[in-house]
Amino acid sequence: MKFVDEYRDLKSAKVLTKQIEEVVTRPWAIMEICGGQTHSILKYGIEELLPKQITLLHGPGCPVCVTPLEQIDKAIAIASRNDVIFTSFGDMLRVPGSQNDLLSVKANGSDVRMVYSPLDAVKIAEENPNKKIVFFAVGFETTAPVNAMSVLEAKRRNLKNFSILSSHVLVPPAIEALLSSDDCMIQGFLAAGHVCTVMGYEEYIPLCEKYKTPIVVTGFEPVDILQGILMCVKQLEEGRCEVENQYNRVVTKSGNEQAKKILSAVFDTIDRKWRGMGNIPKSGYALKEIFKDFDAEKIFDVGHLEQNESSLCIAGEVLKGVKKPVECSAFGKECKPETPLGAPMVSTEGACAAYFHYGKNKFNAVHTDLVK
Amino acid sequence: MCLAVPGKIISIDDSNTELKMAKINFGGIIKDACIQWIEDVSIGDYVIVHAGFALNKVDTTEAEETIRMLNEMSRLLEDEDAKGN
Ligand code: SF4
C-alpha cells in the first residue's frame with residue numbers, strides 16, 4: 001500500500017539504526033506515548049535493532065486500556081437494558097468490567113453491536129426509532145472529534161434516541177502527570193502522530209520548555225519510529241529540547257482547525273480518572289450542558305460506581321514506564337489477554353498485551369515483518 | 001485505537017454540505033469516509049482516515065522526499081559495505 005510499505009522497508013530501517021548508533025554516546029530513556037507505537041515497536045522488534053544505551057519506555061497512550069473500570073461497568077449496565085442498542089468500537093467489547101464484558105452481555109441476548117464509525121451508530125438510531133441507541137465514545141484527541149460529529153449529526157437529523165457514553169482522554173495532561181511525578185525516568189518523548197494530526201503540536205511547546213524534555217511528533221510505521229528516536233537522541237546528545245515533527249507528511253503545527261472547532265463546540269475539558277494512573281486534572285472531555293440530551297450518563301441512571309483493581313497488578317508503574325510488563329509477577333501467569341487482571345493486558349495496544357503477543361518471537365520479528 | 005491509514009480519494013459526494021463524503025481506496029479496499037474537515041480536497045488526493053473520517057491530507061512531497069533520502073543513504077551504505085569487503 002502506498003505511503004505504508006515504504007515505511008516498513010528493512011534497508012531504510014538499517015540506515016536509521018546505523019545513524020542512531022553513530023550519534024549515541026550514553027544511556028537515554030525515551031517514552032513512546034501512544035499504544036499504536038508500542039504495538040509497532042514490539043511487532044517489528046525495534047528494541048532489538050537499537051543500541052543497548054537506548055531504553056524505550058511504553059506510555060499510557062491506549063484509550064481502551066485507560067478507560068476506568070467503573071466506566072466499563074456503566075457501559076455494561078446500559079447495554080443490558082431491553083430498550084437499548086449499545087454500539088461500540090470493536091476493541092472495547094472484550095474489556096473486562098468488574099463482573100463481565102460487553103461481549104458476554106451480547107451473548108446473553110442484549111443488543112450490542114460493533115461499529116466502524118460513530119456515524120454508523122447514528123444510522124442505527126435513525127433505523128430503530130423505538131430503541132435507544134448508545135455509543136461508547138472512548139478515545140484520545142484523534143477520535144474525540146469523530147465522536148463529537150456523531151452528536152452534531154444526530155442533532156441535525158433531529159434524533160431523540162441517540163446518546164453517547166463519553167470517556168475521552170487527552171494526551172498533554174498525561175505527559176505532564178508523568179513528567180511531574182517523583183519517579184519519572186523519561187528523558188525524551190515520541191508524541192502520538194495521529195493525536196497531533198488533529199491537535200497540531202503547539203500545546204507541547206510549553207511542556208517541552210517547562211520540563212526541559214525533547215518531544216518528537218512521530219508516526220506509526222517502523223521507519224517513522226526509528227526516525228523519531230534518531231531525532232530525539234540527537235536532541236538529547238546535543239543538549240537541546242525542542243518540539244520536532246518527524247511525521248510531517250501528515251501533521252502540521254496547528255493541526256486540523258475544523259476538527260478542533262468541533263471539539264470546542266461539543267465538549268468541555270474536565271478532570272478524568274485513568275485506569276492504572278488515577279485522577280489527572282483537565283485530562284478528559286465531557287459533553288457540554290447544551291448537549292445533555294445526548295449524554296448517556298444523564299439519560300440512564302447508572303449511579304456512581306467505585307471499583308478496585310487486582311492487588312497483583314502493577315499497571316500504574318507499567319503505564320508510567322517505571323517497570324516493564326515482564327517485571328510483573330502475574331505477567332503470563334494469572335494475567336493473560338484472555339484473562340487480563342489490568343488495563344495494559346486488555347487491548348492489543350497495551351504494553352503488557354504487546355509483550356505477551358510478540359515477546360516470544362521478538363528476536364526474529366524484525367526480519368519476518370519488515371519489507372526486504 | 002488511534003490507527004489511521006492513508007487511502008486515495010476516488011470519488012466525492014458533496015450533496016450534503018455539512019457531511020461531505022468520499023469513496024476512498026485503501027490498497028484495493030474501497031470504503032466511505034467523511035471529508036468534511038479537509039480543505040481543498042480533490043480526487044486523487046491521499047488522506048489519512050480514522051473511524052470513518054479523513055483527518056488530514058498526506059503531503060506526498062514530504063513523504064516522497066523522506067523515502068528518496070532514505071533510499072539514497074541506503075545505497076551509500078551498501079557501497080561502503082562493498083568497499084569494506
Ligand atoms: S501483566 Fe497484567 S497484572 Fe501485570 S501489570 Fe500487566 S496488566 Fe497488570
Side-chain angles (χ1 to χ4, degrees), chain A residues 1-7 9 11-16 18-19 34-36 39 61-65 89 91 115-120 138-143 145-147 149 152-153 156 192-195 197-198 220 223 227 246 248-252 255-259 261-262 347 349, chain B residues 1-9 16-21 24-29 31-41 44-81:
Chain A
M1 215 156 86
K2 198 161 160 62
F3 302 123
V4 174
D5 294 345
E6 302 92 317
Y7 292 91
D9 177 61
K11 280 187 188 157
S12 300
K14 281 191 176 153
V15 168
L16 291 163
K18 187 146 196 269
Q19 286 182 298
C34 169
H39 188 90
C62 159
V64 179
C65 300
F89 293 125
D91 33 7
V115 291
Y116 159 69
S117 165
L119 286 186
D120 300 338
V138 298
F140 280 114
E141 295 94 322
T142 319
T143 321
V146 177
N147 296 345
M149 267 305 255
L152 292 178
E153 192 55 22
R156 202 177 60 83
H194 291 148
V195 164
T197 306
V198 171
F220 296 81
V223 165
Q227 198 175 29
Q246 179 277 329
N248 58 5
R249 67 184 182 279
V250 177
V251 173
T252 58
N256 187 318
E257 297 292 355
Q258 307 251 30
K261 229 180 266 167
I262 282 167
S347 148
E349 291 178 5
Chain B
M1 183 75 209
C2 291
L3 183 73
V5 282
K8 191 178 186 175
I9 299 188
N16 179 348
T17 52
E18 283 171 67
L19 204 70
K20 263 190 238 164
M21 299 295 290
I24 299 179
N25 184 346
F26 300 95
I29 298 163
K31 280 193 168 176
D32 291 316
C34 173
I35 51 166
Q36 185 70 28
W37 303 334
I38 314 291
E39 278 161 29
D40 304 325
V41 73
D45 283 347
Y46 278 82
V47 286
I48 184 120
V49 178
H50 170 71
F53 281 75
L55 299 182
N56 208 353
K57 277 201 267 194
V58 178
D59 184 332
T60 50
T61 323
E62 288 284 4
E64 273 149 14
E65 176 57 23
T66 308
I67 302 291
R68 196 194 55 75
M69 197 183 71
L70 285 167
N71 286 343
E72 178 81 0
M73 283 193 284
S74 154
R75 253 193 311 278
L76 287 176
L77 208 67
E78 276 172 9
D79 287 354
E80 247 174 59
D81 283 356

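Predicted model, so just to flag it, every value in this text is computed and none were measured. A note on names: the letters A, B, ... follow the listed sequences, proteins ahead of strands, and every chain is numbered from 1.
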Portion of [X] that has a non-hydrogen atom of chain A nearer than 4.5 angstrom:
X: B:Asn25; result: neither
X: B:Ile48; result: side chain
X: B:Glu18; result: both

Can you tell me if [X] uses its side chain to pair, donor with acceptor, with the backbone of [Y] under 3.5 Å?
X: B:Lys57; Y: B:Asp40; result: yes
X: B:Gln36; Y: B:Thr17; result: yes
X: A:Thr197; Y: A:Val251; result: no

(request) Assess A:Arg249 against A:Tyr7: is NZ or CZ under 6.0 Å from the centre of the six-membered ring, and within 45 degrees of the ring's axis? (result) yes

Interface residue of largest heavy-atom contact number with chain B, from [options], under 4.5 Å:
options: A:Lys18, A:His39, A:Met149, A:Glu153; result: A:Met149
options: A:Gln19, A:Glu6, A:Arg156; result: A:Arg156
options: A:Cys34, A:Ala192, A:Ala259; result: A:Ala259
options: A:Asp91, A:Asn147, A:Asp120; result: A:Asp91

(request) Using non-hydrogen atoms and a 4.5 Å limit, figure out which bit of A:Leu16 sits close to chain B: side chain, backbone, both or neither. (result)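 Answer is side chain: those atoms of A:Leu16 sit under 4.5 Å from chain B.
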
(request) Name the region of A:Phe3, side chain, backbone, both or neither, that has any atom closer than 4.5 Å to a heavy atom of chain B. (result)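 For A:Phe3, backbone and side chain are both near chain B.
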
(message) Holding to side chain to side chain donor-acceptor pair (under 3.5 Å), I want the full list of residues that pass it with B:Asp32, two or more places apart in sequence or in another chain.
(response) B:Lys23

(request) Look at B:Leu3, B:Leu19, B:Val5 and state which one has the largest set of heavy-atom pairs under 4.5 Å with chain A. (result)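 Most pairs with chain A among the choices: B:Leu19.
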
(message) Minimum heavy-atom separation for A:Ser12 and B:Asn71, please, with both atom names.
(response) OG-OD1, 4.2 Å

(request) Give me the ring orientation class for A:His194 and A:Phe220: parallel if the planes are under 30° apart, tilted from 30 to 60°, perpendicular past 60°. (result) parallel

